[in-house]
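The figures that follow rest on heavy atoms only: side chains count, while hydrogens, waters and symmetry mates do not. Every chain is numbered from 1, with letters handed out A, B, ... down the list of sequences.
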Amino acid sequence: MRRHGRRAALGAGTAAVLALALGACSVPGAGGGGSEQQQLAGGRVTKPVSPGKVAKLGKTELRIIADSGEQGFLRKFVPLYEKKYPNVHVKVETKAFDDSSKTIVNTMSGSNPPDLVQGNQGYGVDGLLVQSGLLRPIDDVAHAYGWDLDLPSGATSQLRWTGDGRIFGSGNLYGISQSNEYVGVFSNRKKLEKLGIPQPKTWRDFTAALKKADEKGEQPIMLGNSDQYPAEQLLGTIQAQQQSVSASRAWIDGVPGTTFATEANRKSARTLRSWAKKGYLGADYNGISADDAVTKFTGGKGVFLVAGAWNAPAVGKQLGDDAGFTIPEKPDGTVAAAGSFGLPWHISAKTKKADAAIAWLGMMQGEEGAQAMADAGRLPVRTEGVKMPDRLAEQQAAAGKRLLDDDGQTYYFDWASNSMMTTIGSATQDLLTGRLGTGAYLGKVQKDWRGFRAGQEKAAGSAGGDKSGAGE
Amino acid sequence: MSAAVRAWARRQYWPAYLYLLPGAAFYILFVLRPLLTTAWISLFDWDGLTLGSWAGLDNYTALLSNPVLRSSLLHSLVFIVFYALVPVAVGLVLTGLMVRIRIRGLAVFRSLLFVPQVLSTVVIAVSWRWIYDTDGPVNGLLRAVGLGGLARSWLGDYGTALPSVGLIGSWIMYGLCMVLFLAGAMRIPRELFEAARLDGAGPVREFFAVILPALRGEISIALVLTVTQALRNFDIVWNTTTGGPGDSTTVPSVAIYQGAFVTRQVGSAAAVGIALTVLTLAVCAVIMRVLRERKG
């Protein structure tokens, strides 16, 4: 009898252990984020949300998760918002970019997501958020506040997705941003003067300046590419001169039939390789980090630095008014550059405080938000009536406005697929050193794109069987 | 069979298992369960969010035909040399020296050599990035002694990036090995040394005849720890080269990280994780078997 009891206990114990250990054995993802059609949170809006309407929420809390790069902006902007909407307390949580892009999708699919969140353009974050039905479309908001008239429709396509989140660049508007980020050419004015080179205005001026600097024994461009993205942005800068903006965007959006191996891209890759070969980029670019390159540039190494406008505070601190900045003009007199809006802000599909969240976006896109952005040392999308802190920032704001007016943001190559950052990053390192020929380079990038497109189409087909036959 | 089980069950003192229960519960909950969940997920095609679809062993067969993964495994083998073999060798030599020579302030010396083990790996990576920098001290030294021709961007050069990252690992690990071996050497009875010296053994002979055999257990532990580190190496690689230039320093852990968090192929990342775990366990089993203390 006792022995029987022991054995029963042993059996029960084993069963309990197994149950504990195997407890997770259901299909992963089951029970998670619902993709069913939901109501527009807070209902459709037709005019800007008034403080009176927000006040109806009573004393409440607006929860926000933002990138840690927004801290400066938020410190200025949150008090302004809380003053205008006194019944709302804003609770901010910031996360480092790497952390947030890795965890944000899971946070948003949880049972208690924040009301407002910053995503990231492209399939890696925004695409997944839309696929899982976690974001409120904001076309009605854009119309009510007039953003659809203020912003070029080409540029806002970076915030648009089809409802199933499988096609980037068209469909509903899911986010908005007050920050303008693009890659341009920093120059060291003192060096230019010493070499007798005028500040370049056009691409032709710029390439002539590179040649002249090289002849006079200066390193023309400071490049630090151990993080793998700076050379990709340099290629984007060259490519923006060669190819139409819409063609560049179409490939990044994933339009069927487009390819990376265009004649313009071949020419751009060849130019980049020839610059590396001629020593225009120095010798050790693959071993220098992006931040170190900025430090070396401000320390007097290199005549130009092709880098994101967001490096201005670091450059300006050292070079002051000796820092020049420009986007070289194309032969037709327009400008185009690798660039986009900053990280977009999204409203959660599950928010109960849609009015407060919409009011946040409305105020952020307005003059107060733009000034707060400028005061935080960043470039606002809206520049009229905004006072920039210094001369470098003024140059950048002017260049940024021109870029938006010409609708010249060509986005970033690495948005094209989830793995593109790594693929194009390491392939470009190989291109620079000549390990990959131009043709092999273009082929390697396009292969990644093709694999990703195939996966997206398969997923879109299996998710909405009735929709798969539509179109064409 | 069942008779044997019954006999085994009769011999047990069952209340003893109650004492194991808290520890076992934690182990099951926080080690076994995640491991089994990972193994389960590795059988699916899953983006980490939406409903996964059954893939069976497809993720594993895909591993075998992935050329990038194969080269990253090769890099891991190189890292075993730098993370395990070099530190063990250096640790043994230092131990041999320290046993023979009485050094004043040995404890201070020992703690200093152990410091790399204690430092955060991100701090180590940033410091070494500076050391290897084009304008950093390594190149400065080379130029100062007239070897400027050898100066290069150590982490950015295809030929030197892998061994340069590997040497950082050697630097981190040798302190651990040395402290382990010194502790082991302290336990060797003095009579053994005296006997060896009476028999006319020199320092080299003494090292191979007395110290090395006595440290068999410590060497085995050191190898298991360092080889595990080498195979799961991620932080140093990620923070010094991001796997570059090209993909000349990628390791399997980088593939796991990218699959799980960047490309969101969670199923295939889980498969790499499981395969890496099995490989690590197998290598460690071989080490422990070869270096097993022989009885009698």
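Your options are A:S417, A:A427, A:S426, A:G425, and the one with the most heavy-atom pairs under 4.5 Å with chain B is A:S426. Between chain A and the residues B:D247, B:T242, B:L155, the most heavy-atom pairs under 4.5 angstrom are made by B:T242. If you tally non-hydrogen atom pairs under 4.5 Å between each of A:T428, A:N225, A:D430 and chain B, the highest count goes to A:D430.
Between the side chains of A:D448 and A:T423, a donor-acceptor pair is found at a separation under 3.5 Å. A side-chain N or O of A:H346 and one of A:D126 form a donor-acceptor pair less than 3.5 Å apart.
Taken from CG in A:N286 to CD in A:Q228, the straight-line distance is 8.5 Å, to the nearest 0.5 Å.
Side-chain contact check for B:I124 versus B:I168: some heavy-atom pair is nearer than 4.5 Å. Residues B:I236 and B:Y83 meet the side-chain proximity criterion, which asks for heavy atoms closer than 4.5 Å. Side-chain atoms of A:R450 and A:R453, non-hydrogen and from C-beta on, never get closer than 4.5 Å to each other. Under the 4.5 Å side-chain criterion, counting only non-hydrogen atoms from C-beta, B:Q265 is not in contact with B:N59. For the pair A:Y174/A:L129, no side-chain contact is recorded, criterion being any heavy-atom separation below 4.5 Å from C-beta on. With a 4.5 Å cut-off on side-chain heavy atoms, A:L235 and A:F413 count as touching. Within the 4.5 Å cutoff, the side chain of B:L32 has heavy atoms near those of the B:Y27 side chain. Contact of the B:F79 side chain with the B:L162 side chain is registered, since non-hydrogen atoms from C-beta on lie closer than 4.5 Å.
Geometric assessment of B:R6 against the ring of B:W8 yields a negative cation-pi assignment under the 6.0 Å and 45° thresholds.
Looking at B:T241, only its backbone comes within 4.5 Å of chain A, counting heavy atoms on both sides.
Interface residues of residues 252-260 of chain B toward chain A, defined by a heavy-atom distance below 4.5 Å and sorted by number: B:Y257, B:Q258. Listed by sequence position, B:D133, B:T134, B:D135 are the residues of residues 130-148 of chain B in contact with chain A, using a 4.5 angstrom heavy-atom cutoff. Annotation: residues 287-296 of chain A contacts chain B through A:G287, A:I288, A:D292, A:K296 [non-hydrogen atoms, separation under 4.5 Å]. For residues 268-275 of chain B, a heavy-atom distance under 4.5 Å to chain A picks out no residue at all.
Between A:V105 and B:R264 the shortest heavy-atom distance is CG2-NH2, 3.8 Å. The two atoms that bring B:A125 and B:N239 nearest to each other are CB-CB, 3.5 Å, heavy atoms only. Of all the heavy atoms in A:P113 and A:K350, the pair that sits closest is CG-CD, 4.0 Å. Scanning all heavy atoms of the two residues, the minimum distance from B:T263 to A:N418 falls at O-ND2, 3.3 Å.
Summarising the local packing, CE of A:M421 is surrounded by 12 or fewer heavy atoms from other residues, nucleotides or ligands at distances under 6.0 Å.
Between A:Y123 and A:F452, the ring center distance clears the sub-6.0 Å criterion.
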